[in-house]
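Only one structure is covered here, and it is reproduced in the block below.
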Number of protein chains: 2
Amino acid sequence: MIINKTQIYAIRVLELLAQHKETPISAKTISQTLDIPYKYLTRVMTKLSLCQLIDSYRGKEGGFVIAKSPLEIQLQDIVDIFSNESPHQCICADGSMCGQNGKCILHDRWQNSKESIHQSFLNTTIGELST
Amino acid sequence: MIINKTQIYAIRVLELLAQHKETPISAKTISQTLDIPYKYLTRVMTKLSLCQLIDSYRGKEGGFVIAKSPLEIQLQDIVDIFSNESPHQCICADGSMCGQNGKCILHDRWQNSKESIHQSFLNTTIGELST
DNA sequence: TTCAAATACTATACAAAGGTAGTAATTAAA
DNA sequence: TTTAATTACTACCTTTGTATAGTATTTGAA
Ligand code: FES
Ligand code: FES
């Protein structure tokens, strides 16, 4: 697996917040704009807030604001927050096959392609996505 | 997700059978050799048999034999058997975001890398894996 | 013929990801 | 001050992928 649904949600949210740095956007608005289940979204938002990628404001007129410059947030930063695996850049589902335990027979093939994608996650920032 | 654990299991099994075309290999032996849970493996084998990638022989001295030339079995053939999604070549988990419903913001980036991996699944055969 | 070794089948259990529901806590506006 | 809008928290539900258990069926060898 490269990235899962939750991670895509988070990336899309950050991209949206990057376009509205001024005023807080509520989870309700985000949910409707990006078509992400509301209740699921709020949990994602809370986690992003705890990790200080976004600031949260409770109460009326509250919402979320991006906490850093979009050009300083790498996609990998976001992916890591919603990942329990050690980063493994694998084409197959089971990262445990990587490393010292051995690797699957596909691992060495397409090494370049995988490496290319992985490097992009490190190099690409939220700020660059819209362009 | 590119491929899941079951699909890797199946590819490894086919690769093993390709190296012993003569005599049937039992699920027990395959399980031990490849370190795949026995009971799970047998279900994978039954499915491969139904799809006629392998022949099965019951009873004593029974087991499984590859049914085609290894050079005629594409990795994609195997992957398709254990896949319910339409092939989507996506970096993200949700293939449904592809196609007419739209695609995620990462889809167009790394198109080349994804295409490269996908083409390899089509072009690479079981027979080539060992080399 | 008997029996042990093997596949085939069916049902169930487990784990992780994704999603839902309800409530408490907060806060700015009216 | 009251209230409605909002985040925070906790628990649970659903789906999918993975794994296990038990039994029936087949079959070659002793
Ligand atoms: S691709 Fe790395 S272990 Fe399978
Ligand atoms: S990579 Fe294709 S929709 Fe996400």
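Just so it is clear: chains get the letters A, B, ... in the order the sequence lines come, proteins before strands, and each one is counted from 1.
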Residues in side chain to side chain donor-acceptor pair (under 3.5 Å) with [X], at least two apart?
X: Thr124(B); result: none
X: Ser113(A); result: Ser116(B)
X: Ser31(A); result: none

* **Results of salt bridge (charged side-chain N to carboxylate O under 4.0 Å, His left out) for Asp108(B) - residues two or more places apart only** => Lys103(B)
* **Linked hydrophobic residues, Tyr57(B) as query - side chain contacts closer than 4.5 Å** => Val65(B)
* Structure fact -> Across all chains, not counting sequence neighbours, the ring-ring contact (aromatic ring centres under 6.0 Å, His included) partners of Phe121(B) are Trp110(A)
* Return the residues of residues 52-63 of chain A meeting this criterion: a heavy atom under 4.0 Å from some atom of DNA chain D. Order them by number, or give none. => Ser56(A), Tyr57(A), Arg58(A), Gly59(A), Lys60(A), Gly62(A), Gly63(A)
Integer-rounded Å distance: [N] [atom2] and [X] [atom1]:
X: Ile8(B); N: dT18(D); atom1: CD1; atom2: C1'; result: 15 Å
X: Phe82(B); N: dT16(D); atom1: CZ; atom2: P; result: 18 Å
X: Ile81(A); N: dA17(C); atom1: CD1; atom2: C1'; result: 18 Å
X: Ile36(B); N: dT20(D); atom1: CD1; atom2: C1'; result: 16 Å
X: Lys5(B); N: dT16(D); atom1: NZ; atom2: C1'; result: 14 Å

* Return each pair, listed once, that meets side-chain hydrogen bond (donor to acceptor under 3.5 Å, both in side chains) where at least one residue sits in residues 36-47 of chain A; pairs must be two or more places apart or across chains. => Thr6(A)-Tyr40(A)
* Pairs where residues 20-29 of chain A contributes a residue and the test side-chain hydrogen bond (donor to acceptor under 3.5 Å, both in side chains) is met, not counting sequence neighbours -> Ser26(A)-Thr29(A)
* **Those residues of residues 15-30 of chain A lying under 4.0 Å from DNA chain C by at least one heavy atom** => none
* Structure fact -> Expected list for residues 39-48 of chain A near DNA chain C, using heavy atoms below 4.0 Å, is Lys39(A), Tyr40(A), Arg43(A)
* Structure fact -> So CG of Leu14(A) and CG of Leu17(A): to nearest 0.5 Å the spacing works out to 6.0 Å
* To do: Check whether any side-chain N or O of Tyr38(A) sits under 4.0 Å from OP1 or OP2 of dA21(C), and answer yes or no.
  => no
* Asked: Taking a hydrophobic cluster as the set of Ile, Leu, Val, Met, Phe, Trp and Tyr residues connected by side-chain heavy atoms closer than 4.5 Å, whether directly or through intermediates, do Ile25(A) and Leu34(A) fall within one such cluster?
  -> yes
Just distance, no hydrogens or angles: give the donor-acceptor pairs under 3.5 Å from side chains in residues 66-75 of chain A, sequence neighbours left out.
| unit_1 | atom_1 | unit_2 | atom_2 | d |
| --- | --- | --- | --- | --- |
| Ser69(A) | OG | Leu71(A) | N | 3.2 |
| Gln74(A) | NE2 | Leu122(A) | O | 3.3 |

